[in-house]
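Every chain is numbered from 1 and lettered A, B, ... according to where its sequence line falls, protein lines coming before strand lines. Note that the structure is a prediction, hence the values are computed from the model and not measured.
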There are 2 protein chains.
Amino acid sequence: MDHPGPTTRIPDEPPRSARPQPGGPVRRPGGRSAEVRRRVLAAVRTHLVEHGYDALSVDAVADRSGVHRTTVYRRWRDVGGLLADVLAEATSDDWRPPDTGTLAGDLVAVNREVHAALTADPPVTTALIAASFRSAPAADALRTFWIDRYDRCAVIVARGVARGETPARTDPRRLLVAATAPLYHELLLLRTPADPHLADRAARDAATAARAGAFTD
Amino acid sequence: MDHPGPTTRIPDEPPRSARPQPGGPVRRPGGRSAEVRRRVLAAVRTHLVEHGYDALSVDAVADRSGVHRTTVYRRWRDVGGLLADVLAEATSDDWRPPDTGTLAGDLVAVNREVHAALTADPPVTTALIAASFRSAPAADALRTFWIDRYDRCAVIVARGVARGETPARTDPRRLLVAATAPLYHELLLLRTPADPHLADRAARDAATAARAGAFTD
DNA sequence: ATGCTATCGCTACTCCAGTCGCGTTAAGCA
DNA sequence: TGCTTAACGCGACTGGAGTAGCGATAGCAT
């Protein structure tokens with residue numbers, strides 16, 4: 001599943017105030033509004049890397065980005081809104097689930113992406129999930145994202161059915177949740193130290209279950 | 001797994017200030033300290049029922065319990081500490097995992113308890129989990145609780161092995177996490193509406209997986 | 001009954017999250 | 001080029017989370 005992961009690049013922070021250029025006005029693609037957004041989101045990512053989620057605040061982001069705190073409150077409402085926007089910026093509309101040729105392979109690939117997102121630096125995904133318990137914008141963004149991603153991944157199960165790897169009546173979402181839920185549970189709720197085999201094991205356990213007829217009524 | 005559930009009884013809130021009784025001093029079993037604790041924890045539960053987790057605060061609990069806010073901060077540190085103590089009060093040292101005669105039956109029984117806890121009123125468990133992202137006392141209490149409960153449930157898997165329902169090499173914790181994680185994932189992270197069949201399905205899916213040799217390396 | 005200690009209550013304080021009103025400025029359009 | 005509007009900056013404000021110091025009181029031991 002597509003989450004912001006370690007390959008998400010942090011763009012350089014632009015200068016605090018753009019200086020007039022020789023020969024013409026300062027160029028601001030997307031207008032002042034877009035530049036404000038770029039600076040603010042860059043500040044969120046940098047602050048997360050350096051200080052973690054607990055230290056993330058609207059004031060901290062405003063100070064680092066040079067955008068006034070009132071503007072940040074006005075546009076993003078709270079820390080959760082900031083994180084939701086960082087996620088929105090980082091995720092790709094054209095993301096597609098992996099296609100490795102086997103159900104287990106696809107689930108392993110998805111779980112590796114989820115694992116990478118949950119252990120990434122900056123910890124955007126874990127921060128957004130934590131924020132979702134306190135912030136409506138964060139909860140909304142997360143729900144929307146997950147609905148979309150679980151929908152897109154249904155094709156993994158359809159391929160499995162087509163290959164005869166799993167019964168035709170397999171509930172796709174139920175299987176996908178079974179594959180991914182242990183990662184979220186272990187890393188976010190139980191807070192167990194990251195186990196490099198966790199993602200693959202959970203995926204393979206789910207594939208074994210599917211083959212055996214689980215996830216069907 | 002033992003969570004405070006709908007059967008947890010809310011004791012009546014004692015009067016704000018105990019009045020001298022005819023013929024002798026006010027009786028305070030456990031001393032003033034114990035009475036303060038009873039009143040504070042009762043206030044936490046009542047406030048959760050009436051206003052939910054978002055409205056829970058140290059000041060609200062102090063007002064409702066008649067215990068000074070400084071005392072509440074001093075003893076419980078934050079809202080998470082309050083919720084951790086409510087959990088401690090409600091959980092039973094002698095809880096044992098269910099023993100229904102089958103692996104699937106045991107997992108279903110555990111999952112029903114987890115489901116009851118996650119959908120209970122007052123929502124102590126969900127509140128504590130939400131608070132654990134912000135409060136060290138809450139995170140510590142939850143971790144300790146879960147380590148204990150997953151350990152105690154290992155016997156469910158041992159019985160399954162003894163009955164020949166699952167291979168001898170089955171990893172107990174991995175199976176238990178696979179059975180319970182979808183409930184937490186759906187109800188707390190994905191926030192999907194409570195599905196009466198969720199608990200049973202997740203449990204049976206895990207039992208099917210175990211029978212098929214999942215959760216072994 | 002008295003003294004000591006742990007616990008609690010009280011008030012004032014700091015700091016931070018969040019908001020408001022108003023002026024400034026960027027940007028688009030006629 | 002000028003006007004209008006949207007977005008931003010600024011400073012002041014409110015309310016709530018959290019803390020500190022000190023006095024009062026409950027409870028226990030002598």
Side-chain angles (χ1 to χ4, degrees), chain A residues 14-21 24-41 43-44 47 51 53-83 85 130-131 133-138, chain B residues 14-21 24-41 43-44 47 51 53-83 85 130-131 133-138:
Chain A
R16 170 70 63 88
S17 51
R19 294 185 301 278
Q21 307 282 356
V26 173
R27 293 188 172 280
R28 286 186 171 125
R32 176 171 65 170
S33 202
E35 179 176 340
V36 160
R37 183 177 182 233
R38 273 193 295 279
R39 284 158 61 188
V40 163
L41 299 191
V44 171
H47 205 81
H51 303 287
Y53 169 64
D54 289 341
L56 192 66
S57 69
V58 167
D59 277 25
V61 168
D63 287 344
R64 186 180 288 265
S65 64
V67 174
H68 204 272
R69 61 198 296 278
T70 303
T71 302
V72 180
Y73 274 108
R74 192 179 283 133
R75 282 190 55 182
W76 286 277
R77 189 174 155 185
D78 57 19
V79 164
L82 287 166
L83 292 163
D85 206 15
F133 289 96
R134 281 295 197 178
S135 160
Chain B
R16 171 66 63 87
S17 51
R19 295 184 300 278
Q21 306 283 357
V26 172
R27 293 186 173 282
R28 282 182 172 131
R32 174 170 65 168
S33 198
E35 177 174 342
V36 161
R37 184 177 183 234
R38 278 194 292 279
R39 284 156 66 185
V40 163
L41 299 191
V44 171
H47 204 82
H51 303 286
Y53 168 64
D54 288 340
L56 192 67
S57 70
V58 166
D59 278 24
V61 169
D63 288 346
R64 186 180 289 267
S65 65
V67 174
H68 205 274
R69 62 197 294 278
T70 305
T71 300
V72 180
Y73 272 107
R74 192 179 283 132
R75 281 188 57 181
W76 286 277
R77 189 172 156 185
D78 56 21
V79 164
L82 287 167
L83 292 164
D85 206 16
F133 289 96
R134 281 297 197 177
S135 160

To the nearest 0.5 Å, what is the distance between [atom1] on [X] and [atom2] on [Y]?
X	Y	atom1	atom2	value
B/R69	B/D63	CZ	CG	9.0 Å
A/R134	B/Y53	CZ	OH	4.0 Å
B/E35	B/R38	CD	CZ	6.0 Å

Value in whole Å for how far the [atom2] atom of [N] lies from [atom1] of [X]:
X	N	atom1	atom2	answer
A/L56	C/dC16	CG	P	15 Å
B/R38	C/dT7	CZ	C1'	15 Å
B/R77	D/dA17	CZ	P	16 Å
A/D59	C/dG18	CG	C1'	9 Å
B/D78	D/dG18	CG	P	7 Å

Option from B/D85, B/T71, B/V58, B/L82 for which side chain to side chain contact (heavy atoms under 4.5 Å, CB included) with B/V40 holds: B/L82
Atom CZ of B/R77: over 12 foreign heavy atoms under 6.0 Å: no
Contact letters for nucleotides 2-12 of chain D, in which S counts primed atoms plus P, OP1 and OP2 and B counts the base, heavy atoms under 4.0 Å: -----BBBBBB
Stems where DNA chain C pairs, listed by first number, each of three or more Watson-Crick or G-U pairs under 3.5 Å: C:1-30 with D:1-30
Phosphate OP1/OP2 of D/dT19: any B/Y73 side-chain N/O under 4.0 Å: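 No, B/Y73 has no side-chain N/O under 4.0 Å of OP1/OP2 on D/dT19.
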Nearest heavy-atom neighbours spanning A/S135 and A/G80: OG-CA, 3.4 Å
Donor-acceptor pair, side chain of A/R39 and main chain of A/S65, under 3.5 angstrom: yes
Heavy-atom donor-acceptor pair, A/R75 side chain to A/S33 backbone, under 3.5 Å: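 The answer is yes, because a donor-acceptor pair under 3.5 Å joins these two groups.
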